[in-house]
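The structure appears below as structure tokens.
Fair warning: this is a prediction, and the values are worked out from it, not measured in the lab. Each chain gets a letter, A, B and so on, in the order its sequence line appears, and its residues count up from 1.
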Amino acid sequence: QQQVKQSPQSLIVQKGGISIINCAYENTAFDYFPWYQQFPGKGPALLIAIRPDVSEKKEGRFTISFNKSAKQFSLHIMDSQPGDSATYFCAARWGPSGNMLTFGGGTRLMVKP
Amino acid sequence: GAGVSQSPSNKVTEKGKDVELRCDPISGHTALYWYRQSLGQGLEFLIYFQGNSAPDKSGLPSDRFSAERTGGSVSTLTIQRTQQEDSAVYLCASSFLAGGPIYEQYFGPGTRLTVT
């Protein structure tokens, strides 16, 4: 019920290409969907986030697409750069206090020059 | 501008020993979270502190795991009688008061625990 399923586990994209990472959930009580970026040896950092009443959010080269009826959301990285090589986690917020996060399994992205 | 800090950054211990992991949250953040990240896996929620309320311990995997938060600031995660399956990166995060508006969780760099 609290799970978020993320795919693919790993992704290789050429520089300038589009990276797409998908997540799916079951719990309709989730009310906030952030994406985190993690570089080796570092903690995750918030990249971009969306509420379920919005179908798309764009920040620079990063876009979240949200499909509430399908309970799916995805991260698109346009014009992917080698510096985008990192592990990406989708997450969903829940909890009686409203700020607990459950995370997807992560996607290791490699952008080849 | 200090972020969330964690110590030690790396810890190697023998099976059966106890370990303590420390987290210093961002000043002013009243909510503190512990997560565990196993190799190549996502983040697993362990425990959550919010202000002076009783912590949410629902994610602790066994009674060998416990955590305290002293003075509403520094937190210590203790693992007793460590097992090899406890090997992971332990991440701490903090945020402003949870609930109501959405508050970003800021993560520390983690403590890599290796149980031999």
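- More than 12 heavy-atom neighbours from other residues, nucleotides or ligands sit within 6.0 angstrom of CD on B:Gln83.
- Heavy atoms of other residues, nucleotides or ligands lying less than 6.0 angstrom from CD of A:Gln9 number 12 at most.
- Of the two parts of B:Gln37, only the side chain, counted from C-beta on, holds a non-hydrogen atom closer than 4.5 Å to a non-hydrogen atom of chain A.
- For the options A:Ala49, A:Pro34, A:Gly105, heavy-atom pairs under 4.5 Å to chain B are most numerous at A:Gly105.
- From B:Tyr106, atom OH reaches atom CG of A:Leu46 across 8.0 Å, with rounding to the nearest 0.5 Å.
- The number of heavy-atom neighbours closer than 6.0 Å to CD of B:Glu14, taken from other residues, nucleotides and ligands shown, is 12 or below.
- Note on A:Trp35 and A:Ile20: separate hydrophobic clusters, where clusters join Ile, Leu, Val, Met, Phe, Trp and Tyr whose side-chain heavy atoms are under 4.5 Å apart, directly or indirectly.
- Minimum heavy-atom separation, B:Leu91 to A:Pro44: CD1-CD, 3.9 Å.
- Linking ILVMFWY residues whenever their side-chain heavy atoms come closer than 4.5 Å, directly or via other members, places A:Tyr32 and B:Tyr33 in the same cluster.
- The part of A:Gln38 that comes within reach of chain B is its side chain, from C-beta onward, which places non-hydrogen atoms under 4.5 angstrom from that chain.
- The 12-atom threshold is exceeded at CG of A:Asp53, counting heavy atoms of other residues, nucleotides or ligands nearer than 6.0 Å.
- A heavy-atom distance below 4.5 Å is found between the side chains of A:Leu101 and B:Tyr35.
- Both the backbone and the side chain of B:Leu43 come within contact range of chain A, each with at least one heavy atom under 4.5 Å from a heavy atom of that chain.
- In this structure, CE on A:Met100 lies 6.5 Å from OH on B:Tyr48, to the nearest 0.5 angstrom.
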